[in-house]
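Down below is the structure, laid out as structure tokens.
Each chain gets a letter, A, B and so on, in the order its sequence line appears, and its residues count up from 1.
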Protein chains: 2
Amino acid sequence: MPRAATNKSHAGRERLTAQAWVDAALAAIAEGGLAAVAVEPLAARLGTTKGSFYWHFSNRAALIDAALQHWEERNTEQVITTVDPEPDPERRLRDLFKTVPAAGGGDPVEVALLATAGHPQVAPVLRRVTERRVDYVTDVFTDIGFPRDEARRRGLLVYTAHLGQTQLLHAVPYVLPATEADRRRYLDTLVHTLLRPE
Amino acid sequence: MPRAATNKSHAGRERLTAQAWVDAALAAIAEGGLAAVAVEPLAARLGTTKGSFYWHFSNRAALIDAALQHWEERNTEQVITTVDPEPDPERRLRDLFKTVPAAGGGDPVEVALLATAGHPQVAPVLRRVTERRVDYVTDVFTDIGFPRDEARRRGLLVYTAHLGQTQLLHAVPYVLPATEADRRRYLDTLVHTLLRPE
DNA sequence: ACCTGAACACCGTTCAAGT
DNA sequence: ACCTGAACACCGTTCAAGT
């Protein structure tokens, strides 16, 4: 009869794939930030040894790279595909402000990464994701009718405000509008000022 | 004849004050972020031992607390006192955008702290500094003539954009306007949209 | 091909012993 | 009062030995 799969004996355990380590790393980032990607604790969580890890990855940095790459691939288009179906560009702008993390949830991995934006492995990933998004918001402003360069400026302002808002939300939540009505009024101010004609 | 002060013998070395450790910690934050506040390397830099550190502080967290407190005290009012003399509130707003880190320099400690905004010891410090500044910008908008609640919303938008810009500047510098002329135009767009009447 | 277990380096923390 | 130096724990990394 076949051996039961247990965590006690080597012969009876499933072998790990690199992907298993990547998933564990992303879970760790979501819970405790980049610093929580620690080989020894992850090994314990996966029921294996540190030695095993070093067969799949050359070091901790390589695991982080793999995790960031995986996150970038499955995340970049997420917000955009949620909002893009809306045909009216002014509404699309408004939807962006509502859908995007600011609202209250947001991808915990992204929040954790923004908290470590300066980290040498994180920075280039955020760069690419950011460019994609700023370009998208810029397009919304051109759809609204602004000339390209003015649209770019407003797109930057929007994205910049979004980043800052995410940061405030996590470092200083209570300076932000607290009640639903206040939040709506804030959104109105945002959209109203941002759409001021040239 | 008096012993020369060397780093070789205990009897001949200056004793350290807690403040010396705090200064070293702030220097480390500026250079390598919070993570660079490491007892052993700091001890080496100060020419003393880890054991000495633990006489002055109960642990690494206590040193970080002391360093953050010191930074908060001498920093909070800095930007404000630079800009406040300008009597015309619209100009003051513009000066804020120019003076504040965004321009290019900025306090490296602040930049490092923003990169670790979610850290449990950093968050409350940033909270207080942020509140002070948002309140200040809000006052600028009331001086310009906006009613208090609308001024608060625009103050938030400004501060939020400032935070995001600092972040972009360090994670994704090249999405921001690169030439002097582009930067001026960007500033014009910012001020122009933010001042749109209700 | 994939994993274990022991070993070493680095840094946080403790503490007995020194001045 | 302030400091040293040895000790221990924790985690990153290496590697010889196992299956």
Side-chain angles (χ1 to χ4, degrees), chain A residues 2-25 27-29 31-68 116 119-122, chain B residues 2-25 27-29 31-68 116 119-122:
Chain A
R3 273 166 170 281
T6 99
N7 275 349
K8 293 289 157 82
S9 78
H10 174 191
R13 186 164 64 253
E14 295 303 316
R15 303 200 139 182
L16 290 172
T17 59
Q19 186 59 44
W21 287 98
V22 166
D23 291 341
I29 291 174
E31 286 165 27
L34 245 209
V37 180
V39 178
E40 194 158 44
L42 287 185
R45 205 147 102 168
L46 290 169
T48 185
T49 61
K50 299 192 276 184
S52 164
F53 170 79
Y54 285 93
W55 194 87
H56 294 286
F57 296 91
S58 58
N59 52 33
R60 177 177 177 264
L63 172 61
I64 291 175
D65 269 337
L68 292 176
T116 330
H119 186 283
Q121 295 179 263
V122 173
Chain B
R3 274 165 169 277
T6 97
N7 276 348
K8 291 289 157 81
S9 79
H10 175 188
R13 188 166 60 252
E14 297 303 315
R15 301 201 140 183
L16 290 171
T17 58
Q19 187 59 42
W21 286 98
V22 166
D23 291 341
I29 291 175
E31 284 165 29
L34 243 210
V37 180
V39 178
E40 194 158 45
L42 287 184
R45 204 148 104 170
L46 290 170
T48 185
T49 61
K50 300 193 276 183
S52 164
F53 170 80
Y54 285 95
W55 194 86
H56 293 287
F57 297 92
S58 58
N59 53 31
R60 178 177 177 264
L63 173 61
I64 291 176
D65 269 339
L68 292 176
T116 331
H119 187 283
Q121 295 179 263
V122 173

Notebook entry, point to check: Quick one: OG1 on T116(B) to CG on L34(A), what's the gap to the nearest 0.5 Å?
Noted result: 11.0 Å
Note to self: Tell me if a side-chain donor or acceptor on R60(B) pairs with a main-chain N or O of V37(B) at a distance below 3.5 Å.
What the structure shows: yes
Next item on the list: Can you run down the side chain to side chain donor-acceptor pair (under 3.5 Å) pairs that involve residues 36-45 of chain A, sequence neighbours left out, and say none if there aren't any?
Entry: E31(A)-R45(A), E40(A)-K50(A)
Next item on the list: From the options dT4(D), dC3(D), dC3(C), select the nucleotide whose nearest atom is closest to the side chain of T49(B).
Entry: dT4(D)
Next item on the list: Could you encode protein contacts along nucleotides 8-13 of chain D as a string, one character per nucleotide from 5' to 3', using B for base contact, S for sugar-phosphate-only contact and - for no contact, with a heavy-atom cut-off of under 4.0 Å?
Entry: ---BBB
Item checked: Between P of dT19(C) and CH2 of W55(B), the distance in whole Å -> 19 Å
Next item on the list: Spell out, as yes or no, whether a donor-acceptor pair under 3.5 Å connects the side chain of T17(A) to the backbone of A20(A).
Entry: yes
Notebook entry, point to check: How would you list, by chain and number, every residue that makes a side chain to side chain donor-acceptor pair (under 3.5 Å) with D65(A), sequence neighbours excluded?
Noted result: Q121(A)
Item checked: side chain to side chain donor-acceptor pair (under 3.5 Å) involving D23(A) - partner list, sequence neighbours excluded -> Q19(A)
Notebook entry, point to check: Taking side chain as C-beta onward, heavy atoms only, is I64(B) less than 4.5 Å from I29(B)?
Noted result: no
Item checked: Spacing between F57(A) atom CZ and dC3(C) atom C1', to the nearest angstrom -> 15 Å
Check: Dot-bracket for DNA chain C, 5' to 3', counting Watson-Crick or G-U wobble pairs under 3.5 Å, with [ ] for crossing pairs and | for inter-strand pairs?
Finding: ||.|||||...|||||.||
Check: Looking at H56(B), does any N or O in its side chain come under 4.0 Å of the phosphate oxygens OP1/OP2 on dA1(D)?
Finding: no
Check: Of all residues at least two apart in sequence or in a different chain, which pass the ring pair (Phe, Tyr, Trp, His ring centres under 6.0 Å) check with F53(B)?
Finding: W21(B), F57(B)
